[in-house]
A.B. asks: 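Following this message is one structure expressed as structure tokens.
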Amino acid sequence: MNPAKTRPIQKFAAATSKCSVEAAAYGKCIVADYNAVHKDKCAKEFMRLKDCYLLASKK
Amino acid sequence: MSSCTRSLTAASSRLPSLPHQLSRCHRRTYAVQSGGAPRFQVFNRRSKWLQKERAAANPELSRETDYLKDEVAVRLTERLLDIKRHFPKVLDVGANSCNIARALVQPNPDPDPSKPDSPPISTRITELVAAESSEALLYRDAKLDFNNQLNITRHVLEDEETLPYEPESFDLVMSNLSMHWINDLPGTLTQINNILKPDCPFIGAMLGGDTLFELRTSLQLAEQERRGGMSPRVSPLADVRDVGGLLQKAGFKMLTVDVDDIIVDYPDTFTLMQDLQAMGESNVILGREMGPISRDLLLANEAIYRELHGNEDGSLPATFRIIYMIGWHESPDQAKPLPRGSGDLNLKDILEQK
């Protein structure tokens, strides 16, 4: 492992940190009723979060 | 009579010529030794070995993430201050990077500043055997200064689940944060009890109970929502109640079990996971999903972790629940509980007198 090279996970973390508003919206949607989580319960919020992340990682 | 009849119906149906009475209860069947308790395989020990070797391949990062093991090693060795004794031969099972040796050479300032510092515990130890299966991790700090301050022998084990030592050969066995990766915990504890001399203690610390419950729950929620199911991401761990039973089953006497929560704050879940990886503490559950965790899941996990468990200041707490256990090898001169009903003082009288 070369310490000078940034690992992909670090780039990923940096891009994710720019989407805190969308992440909070997604988190709130899940936590609002976390005993009854099913697949794609918060798909809309997640896609917003993912779009934001994709945009941030391109910059 | 009725149970006897029931258990023998199969046999008697095959032997119709036997007299009625004989076929019922007077026939004896062979005693067959039962296979013993099943040995559950939970962890892939080879993957764990690989993870430790890889972690130790980057000594700087590996040392940086030793904070948890170093802290627990100090808290663990503190317990030796209560045992006023000299230990000729000490074993450290699952030594990782010899964190216990490092803790043993530290000075012990007395809480009362007027009293002089007691010397490091290492002065009471003649020989420390550090046993660990990962050679790279065991020898990571072999050239550092603390090695000269005590007599340490490093021993690369084939596997921590089979201890290659003579019975009754150690005066103290310690173990620091490695027993939570053992498959056969009852068997290993029994072996530890066997290699201890009479009236000698085993003092160990392992992760247990609610360790990393924040990560466990948020990953479960993320996976449930993104993929509609869960896979094992965080190890099943022994609970405090289990540990007492395990020690007792292994034949230890005068048990002490206590718990300590260490909560570490991380800036984000990625740092937490990177640190766990650098500690060599990644997931090795058999039947785990192989390959890297998907980015969607990481993204969802980060958001849920922050919402569900995050601190006010934006950091994310991760709980490490440490279970400390002390058990003594049986000896005839140890204090034993009196037989039941042998007390001749009524506790009620004493309590009512005040």
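All of these numbers come straight from a predicted model, not from anything done at the bench. Each chain gets a letter, A, B and so on, in the order its sequence line appears, and its residues count up from 1.
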A.B. asks: Out of B/L308, B/I304, B/D296, B/L221, which one racks up the most heavy-atom pairs below 4.5 Å with chain A?
C.D. replies: B/D296
A.B. asks: Write out, in numerical order, the residues from residues 12-21 of chain A with a heavy atom short of 4.5 Å from a heavy atom in chain B.
C.D. replies: A/F12, A/A13, A/T16
A.B. asks: When rounded to the nearest 0.5 angstrom, what is the spacing between CD in B/Q277 and CZ in A/R7?
C.D. replies: 5.0 Å
A.B. asks: Which atoms of A/Y34 are under 4.5 Å from chain B, going by heavy atoms: the side chain, the backbone, both sets, or neither?
C.D. replies: both
A.B. asks: Looking only at heavy atoms, what is the nearest atom pair of A/K50 and B/L299, with distance?
C.D. replies: CA-CD2, 3.9 Å
A.B. asks: Scan for disulfide bond (SG atoms under 2.5 Å apart) pairs involving residues 213-242 of chain B, sequence neighbours excluded, and state none if there are none.
C.D. replies: none
A.B. asks: By number, which residues in residues 23-33 of chain A have some heavy atom less than 4.5 Å away from chain B?
C.D. replies: A/A23, A/A24, A/Y26, A/G27, A/K28, A/I30, A/V31
A.B. asks: Just wondering, are more than 12 heavy atoms of other shown residues or ligands nearer than 6.0 Å to CD in B/E135?
C.D. replies: no
A.B. asks: Check whether any side-chain heavy atom of A/Q10 sits under 4.5 Å from a side-chain heavy atom of B/Q274, and report yes or no.
C.D. replies: yes
A.B. asks: Could you name each residue pair satisfying side-chain hydrogen bond (donor to acceptor under 3.5 Å, both in side chains) that touches residues 305-316 of chain B, not counting sequence neighbours?
C.D. replies: B/T217-B/H309, B/D265-B/N311, B/E302-B/R306, B/N311-B/S315, B/D313-B/S315
A.B. asks: Would you compute the distance between atom CZ of B/R295 and atom OH of A/Y53 and round it to the nearest 0.5 angstrom?
C.D. replies: 4.0 Å
